[in-house]
Amino acid sequence: MTPPIASETAAAPQEAASRLRWWRALLPAGLITLACGWSLALHDVERALSQAFCRVLTSRSGMSASIRQIGLGAGPTLRLYDLRLGSLFFVRRIDAELAGSRPTRMRLFQPLLVLKQPLQVESKPEGPPSIATSDRRRRNHGAGDRRLPPIEVVGGRLLAQLRIAAKTPFRRATIDVRNIHTQWDNALPARVVSGALTATLQTADKRTLDLEVASLSLRRSRQGLRIAALAGQLRLASGQRLPIDTLRASLRPDQGELTLRAADRRRGGGLLLQISKLGQRWTGRLKLDRLTSDSLWPNSPLMATTTGELQLTFEQRRWSAQGAFTLHRAMVDHPRIARRSVGPFDAELKLLGDGGPGAYSGQLEASINEARWQLSARYRDGQLQFAAALKPLNCQDLLGSLPDGLAPKLEGMALSGQIGLRADLRLPIADPDSGKLDVAFQPFSCKVLVDPLLADARSLRSGDLVLRRPDPWILGPKNEHYRPLEQISPHLRTAFIVAEDRSFHRHHGFDLFNIQRALLHNVVARKVSRGASTISQQVAKNVFLNHHRTLSRKLQETVLTWRIEQLLSKRRILELYLNLVELGAGIYGVQQASQHYFARDALALTPLQAAHLAAVAPSPKHWGPQIRNKVVPRRVVILMRMMRNRAVAADGRLHKLNP
């Protein structure tokens with residue numbers, strides 16, 4: 001018989017195991033029940049909080065407010081999804097971190113009204129309150145619309161920043177609110193908001209366009225909310241400050257309007273900005289009155305006193321623009337235009353454009369003195385078209401319309417006759433090589449009466465010409481390395497013609513086919529990476545101009561090449577080119593290059609050696625050392641094949657290349 005104590009001792013572990021199994025069975029069910037209850041309770045809290053939030057926001061703003069969901073988290077944190085206020089404001093998500101005395105941080109993700117970019121709002125103490133309210137506007141008591149929401153940021157700061165990703169001069173937008181205080185005004189029957197409110201557009205180089213408002217008037221009625229500035233100023237990017245004459249806004253659920261007028265009373269200039277919305281249609285208007293262009297556009301290459309108006313319309317993914325401006329005493333300072341400032345000059349501009357998904361077009365009319373230019377661009381169905389036209393006028397009037405500094409080498413030149421121009425470029429985006437360029441002069445009867453003093457092409461007929469590279473260098477018989485065309489190897493003549501200008505004997509200074517290819521390539525590449533200069537153009541550039549890639553140099557090069565082709569024969573042009581072409585560091589002309597690389601005279605070069613020198617011409621610093629190292633680049637092999645297929649003498653006749 002088992003003792004009682006032993007029996008109880010044996011039953012205890014069995015009872016404990018039974019209890020453990022019971023708890024193990026109930027624990028998951030309890031946790032699931034607790035989680036479901038907590039989720040349901042949290043869901044009810046979030047739903048109640050969402051409804052309360054919408055009711056308060058609707059009553060305070062006077063517009064219908066809705067929110068899809070409010071989420072609660074640890075921290076504590078609050079997350080709002082799809083906040084909508086009428087038809088004026090929509091935010092996809094708001095994250096808020098709330099903690100006692102810690103600063104409140106809020107992030108608004110993708111505000112669709114203006115930009116699809118993050119917007120960060122911070123609120124933190126900024127010291128004691130400093131309320132600046134005009135005594136004339138301030139009242140201790142009064143009547144008004146009590147339904148207006150109060151604005152109280154006294155002693156604090158509200159900062160909102162937007163980063164702008166688009167390719168505009170501005171990179172950041174900031175709204176800074178400090179020490180705001182509201183009260184009633186008997187005279188205005190509205191609420192007066194006083195303090196410091198600054199809206200800033202900031203550029204990449206920290207220059208800003210600021211709207212500084214000291215006090216506002218808020219008035220709310222059944223038609224919506226109206227805002228008007230009582231005191232403020234507009235500080236332009238140049239630092240110029242314009243007092244605000246008018247700043248008013250009218251916000252309604254289905255429409256809105258903003259008007260800003262600022263004037264410089266001392267100089268008599270100013271600007272007017274109007275933005276309005278009616279349904280899905282947005283319109284904007286910008287009017288400038290004797291304002292400098294760099295005041296609104298920081299680091300602008302164009303400086304001018306501007307007067308004119310621009311109107312924009314946007315509706316259902318389509319836009320249109322039209323405007324007209326007058327530029328007075330304009331100055332252009334851009335490295336792609338000229339190496340020095342161009343101007344001053346007066347100009348009139350008229351622009352017209354419209355576009356939508358997959359298509360756009362634009363037109364620009366520019367009048368500079370007597371010259372009238374018309375430029376247009378159009379894109380549709382993958383086809384890009386450019387057109388430029390110059391209305392017929394006297395050649396001398398066109399030359400005289402060029403601004404000072406754009407063509408300094410042509411100063412003193414006199415012309416007779418008339419000139420007109422029409423150029424069309426058609427460029428399929430999918431197949432740029434199939435593009436086509438058409439250029440026609442209608443009419444063209446220009447004749448030179450007087451050559452320019454600084455670039456007289458008559459000096460190239462014979463004799464010696466002193467060039468600066470940068471030291472004085474003689475182009476003529478007095479130079480020991482100068483060689484007449486008869487003392488230069490025919491292989492050298494053929495190699496350079498094939499490498500640099502295969503249609504040298506057929507054109508009159510310009511190769512339109514190569515110009516078209518280079519232009520199409522540069523348009524597709526969106527940069528100037530390929531040129532189409534002929535041998536005649538290189539002579540004009542190396543003798544009279546520089547090697548800077550500017551519009552100024554190209555314009556002067558065009559006129560001087562046309563003049564050189566009138567005065568010189570092809571033999572003389574080729575002789576000058578072969579004696580001045582750069583073929584290494586401080587090495588000019590084929591005679592000096594032949595002695596430097598091959599230790600022989602230019603008349604005794606073989607076809608392979610001639611091909612080597614012709615291959616050096618596009619980039620002497622890169623290809624020159626390879627000749628000394630006895631390297632045969634692929635470019636030389638290609639030139640040899642081209643020389644065999646198409647050997648050309650100085651007079652343009654074909655001849656057989658010696659093996």
Side-chain angles (χ1 to χ4, degrees), residues 409-410 413 446-448 451-452 454-467 469 473-479 481-515 531-547 553-583 588-594 602-603 610 613-614 616-618 620 643 646-655:
K409 294 288 186 176
L410 302 183
M413 191 176 194
C446 296
K447 294 183 179 180
V448 178
D451 284 285
L454 300 178
D456 192 346
R458 295 175 300 176
S459 61
L460 299 179
R461 289 175 173 174
S462 61
D464 298 310
L465 186 66
V466 179
L467 308 180
R469 302 183 155 188
W473 188 84
I474 299 176
L475 178 63
K478 290 185 179 180
N479 188 336
H481 298 295
Y482 186 89
R483 292 292 183 271
L485 193 62
E486 294 77 9
Q487 299 180 20
I488 298 176
S489 170
H491 304 314
L492 268 175
R493 310 175 202 169
T494 301
F496 276 92
I497 290 177
V498 170
E500 295 293 317
D501 189 0
R502 279 174 282 178
S503 59
F504 172 68
H505 292 284
R506 297 193 301 272
H507 63 65
H508 299 285
F510 308 96
D511 189 347
L512 293 182
F513 177 75
N514 282 333
I515 291 176
S533 296
T534 62
I535 289 179
S536 302
Q537 289 177 274
Q538 294 186 54
V539 170
K541 176 181 65 177
N542 291 323
V543 173
F544 299 115
L545 304 171
N546 51 53
H547 291 76
R553 193 214 78 189
K554 209 64 182 177
L555 175 63
Q556 297 174 98
E557 178 185 302
T558 301
V559 177
L560 294 176
T561 300
W562 166 69
R563 184 57 174 161
I564 287 174
E565 285 281 340
Q566 286 182 328
L567 296 174
L568 306 181
S569 64
K570 291 290 185 179
R571 290 181 58 86
R572 177 59 176 168
I573 294 175
L574 183 60
E575 177 182 316
L576 292 173
Y577 172 75
L578 294 177
N579 279 280
L580 60 82
V581 61
E582 183 180 3
L583 297 173
Y588 298 99
V590 294
Q591 172 64 21
Q592 188 178 2
S594 300
L603 186 60
L613 288 188
V616 170
M643 290 167 64
R646 189 176 183 179
V648 184
D651 55 4
R653 293 178 299 178
L654 297 178
H655 71 93

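All values below come from the heavy atoms of this structure, side chains included, with hydrogens, waters and symmetry mates left out.
- Across V543 and L467, no two heavy atoms sit closer than the pair O-CD2, 3.6 Å.
- I535 and F496 make their closest contact through CD1-O, 4.4 Å (heavy atoms, listed as atom of the first residue, atom of the second, distance).
- T534 contributes atom OG1, which lies 4.5 Å from atom NE2 of H507 (distance to the nearest 0.5 angstrom).
- Minimum heavy-atom separation, A593 to L583: CB-CD1, 3.4 Å.
- For the atom pair CG (L560) and CG (L555), the distance works out to 9.5 Å, reported to the nearest 0.5 Å.
- How far OH of Y588 is from CD1 of I474: 14.5 Å, rounded to the nearest 0.5 Å.
- Formation of a donor-acceptor pair under 3.5 Å by the Q556 side chain with backbone atoms of K409 is found in this model.
- Residues S594 and H481 form no side-chain contact, since every pair of their non-hydrogen atoms from C-beta on lies 4.5 Å or further apart.
- To the nearest 0.5 Å, the span separating CG on L578 from CD1 on I497 amounts to 8.0 Å.
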ask   = Under the side chain to side chain contact (heavy atoms under 4.5 Å, CB included) criterion, do R493 and L485 qualify, and how do the steps go?
value = CA-CA 9 Å; R493 310 175 202 169; L485 193 62; 4.1 Å; yes
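- When all heavy atoms of A617 and E500 are compared, the closest pair comes out as CB-OE2, 3.8 Å.
- In terms of heavy atoms, A457 sits closest to R563 at CB-CG, 3.8 Å.
- Put simply, the side chain of N579 never gets that close to the backbone of P484: no donor and acceptor are under 3.5 Å apart.
- Side chain of K541 to backbone of E557: no donor-acceptor contact under 3.5 angstrom is found.
- Shortest non-hydrogen contact noted between A495 and A610 is CB-O, 3.6 Å.
- Two residues are said to be in side-chain contact when any heavy atoms from C-beta on lie closer than 4.5 Å; M413 and V559 meet this criterion.
- A heavy-atom distance below 4.5 Å is not found between the side chains of R506 and K570.
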inquiry  = Using the rule given for side chain to side chain contact (heavy atoms under 4.5 Å, CB included), can you reason through Q537 versus K554, listing the C-alpha separation, both sets of side-chain angles and the distance that settles it, and then say yes or no?
reply    = CA-CA 9 Å; Q537 289 177 274; K554 209 64 182 177; 4.1 Å; yes
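- Between the CG atom in L576 and the OH atom in Y482 there is a gap of 5.0 Å [rounded to 0.5 Å].
- Here OG of S536 is found 9.5 Å from CG of L574. Values are rounded to the nearest 0.5 Å.
- A donor-acceptor distance shorter than 3.5 angstrom exists from the side chain of R572 to the backbone of L460, with no hydrogens or angles considered.
- With contacts defined as side-chain heavy-atom distances shorter than 4.5 Å, the pair N546/R553 qualifies.
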